[in-house]
Amino acid sequence: MTSQNSSANIGRFISIEGGEGCGKSTQIKQIANRLSSIGIDVIITREPGGTDNAEAIRELLLSGGDNRWDSRAEALLFAAARGDHVRNLIKPALMRGQWVLCDRFLESSRAYQSGGSGLSDATILQLHEIGSEGFLPDRVLVLDLDEDDANERVSMRDGDVRDRIGGRPKTFHTAVRQAFRSYAEQDSDRIKLINASAAVDEVTDNIMDVLGDMINA
Ligand code: TYD
């Protein structure tokens with residue numbers, strides 16, 4: 001697997017990960033504002049989605065009953081959507097020198113389709129090799145929040161409405177959280193665990209600290 005090269009005129013690719021309700025959307029906007037304010041050209045995108053084709057796959061993945069897809073079909077669809085996104089949006093933006101902030105990426109597939117759904121991590125990485133030639137973010141930010149606090153935030157935001165995957169039981173989301181935490185432990189240079197229970201601006205400050213070396217490079 002290769003993370004994208006870090007030559008000065010190429011942008012940086014940062015994914016923001018975590019369970020439902022961990023505050024990703026708020027933090028992505030805050031980080032984009034902070035980076036823009038220091039002259040960095042930044043775009044925000046999301047997964048599943050980001051391109052027309054990947055957004056069409058998103059609709060297939062997130063609507064319908066929980067058993068609509070089995071875990072293999074689901075993992076394949078995420079990998080296909082990601083491949084289109086990488087080829088047609090992420091890599092071209094990086095080549096233009098833009099920084100790309102991506103709301104979820106590979107670690108979500110590892111956590112939800114493997115940690116939560118029983119496929120092996122090796123299988124998910126293999127699918128990523130096929131779909132996206134193993135392309136990796138320069139930095140992965142995992143926003144970590146206790147499941148009960150996260151669920152409370154989601155209920156305040158969305159009431160009882162959950163998408164096909166978000167609506168899975170608490171045990172599933174606990175396994176997802178543990179999986180995210182383990183990736184940060186295994187690859188601590190690239191994957192950073194951020195405590196998402198602090199105040200919004202404090203969380204952003206902590207994120208900017210862990211991006212410091214890339215900003216000053
Ligand atoms: P979204 O509405 O973007 O959720 P959130 O606001 O929590 O980010 O829906 C994305 C859902 O898809 C979410 O439940 C996580 C799941 N997902 C996977 O299961 N695997 C993946 O690879 C990705 C990118 C998302």
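When a ligand or atom number is given, it counts from 1 through the structure's own listing order. Computed from a prediction, not measured in an experiment: that's the story for all the values here.
Only side-chain heavy atoms of Lys24 come within less than 4.0 Å of ligand 1; its backbone N, CA, C and O stay farther off. When non-hydrogen atoms are compared, ligand 1 lies under 4.0 Å from the side chain of Leu62 (C-beta onward) but not from its backbone. For Glu20, heavy-atom contacts with ligand 1 shorter than 4.0 Å involve the backbone as well as the side chain. With a 4.0 Å cut-off on non-hydrogen atoms, Arg82 touches ligand 1 through its side chain and not its backbone. The side chain of Asp163, and not its backbone, has at least one atom closer than 4.0 Å to an atom of ligand 1 (non-hydrogen atoms only; side chain from C-beta on).
Residues Glu47 and Arg82 are paired through a salt bridge, judged by an N-O separation under 4.0 Å between the basic side chain and the carboxylate. Salt bridge Arg190/Asp138: absent, no basic N to carboxylate O contact under 4.0 Å. A salt bridge links Arg139 with Asp213; the closest basic N to acidic carboxylate O contact falls under 4.0 Å.
Ranking protein heavy atoms by distance to atom 1 (P) of ligand 1, first place goes to Arg58 NH2, 3.5 Å. Nearest non-hydrogen protein atom to atom 22 (O) of ligand 1 is Ser109 OG, 2.6 Å. Here the heavy atom of the protein found nearest to atom 25 (C) of ligand 1 is Phe78 CE2, 3.5 Å. From the protein, the heavy atom lying nearest to atom 7 (O) of ligand 1 is Arg104 NH2, 2.9 Å.
Around atom 19 (O) of ligand 1, the closest heavy atom drawn from Gln113, Arg110, Glu47 belongs to Gln113.
Near Ile165, meaning under 4.0 Å from any of its heavy atoms, are these atoms of ligand 1: 14 (O), 19 (O). Residue Gly166 approaches ligand 1 through these ligand atoms, each under 4.0 Å from one of its heavy atoms: 14 (O). For ligand 1, the atoms sitting less than 4.0 Å from at least one non-hydrogen atom of Ser108 are 20 (N), 21 (C), 22 (O), 23 (C), 24 (C), numbered in the order shown with element in parentheses. Atom numbering of ligand 1 starts at 1 in the shown order; those under 4.0 Å from a heavy atom of Pro48 are 24 (C), 25 (C).
Between Leu101 and Ile28, the shortest heavy-atom contact is CD1-O, 3.7 Å.
Sorted by first and then second residue, the pairs that involve residues 202-212 and meet salt bridge (charged side-chain N to carboxylate O under 4.0 Å, His left out), not counting sequence neighbours, are Arg34-Asp205.
Proximity of a side-chain donor or acceptor of Ser117 to a complementary backbone N or O of Ser114 within less than 3.5 Å is not detected. Panel note: side chain Glu17, backbone Ser108; a donor-acceptor pair is recorded below 3.5 Å.
With respect to Ser63, the side-chain hydrogen bond (donor to acceptor under 3.5 Å, both in side chains) criterion is satisfied by exactly one of Arg58, Arg68, Arg164: Arg68.
The closest approach between a heavy atom of Arg46 and any atom of ligand 1 is not below 4.0 Å.
Partners of Asp84 by side-chain hydrogen bond (donor to acceptor under 3.5 Å, both in side chains), not counting sequence neighbours, listed by chain and number: Thr51, Asn53, Asn88.
The aromatic rings of Phe135 and Phe13 sit parallel, their planes meeting at an angle under 30°, below the 60° perpendicular limit.
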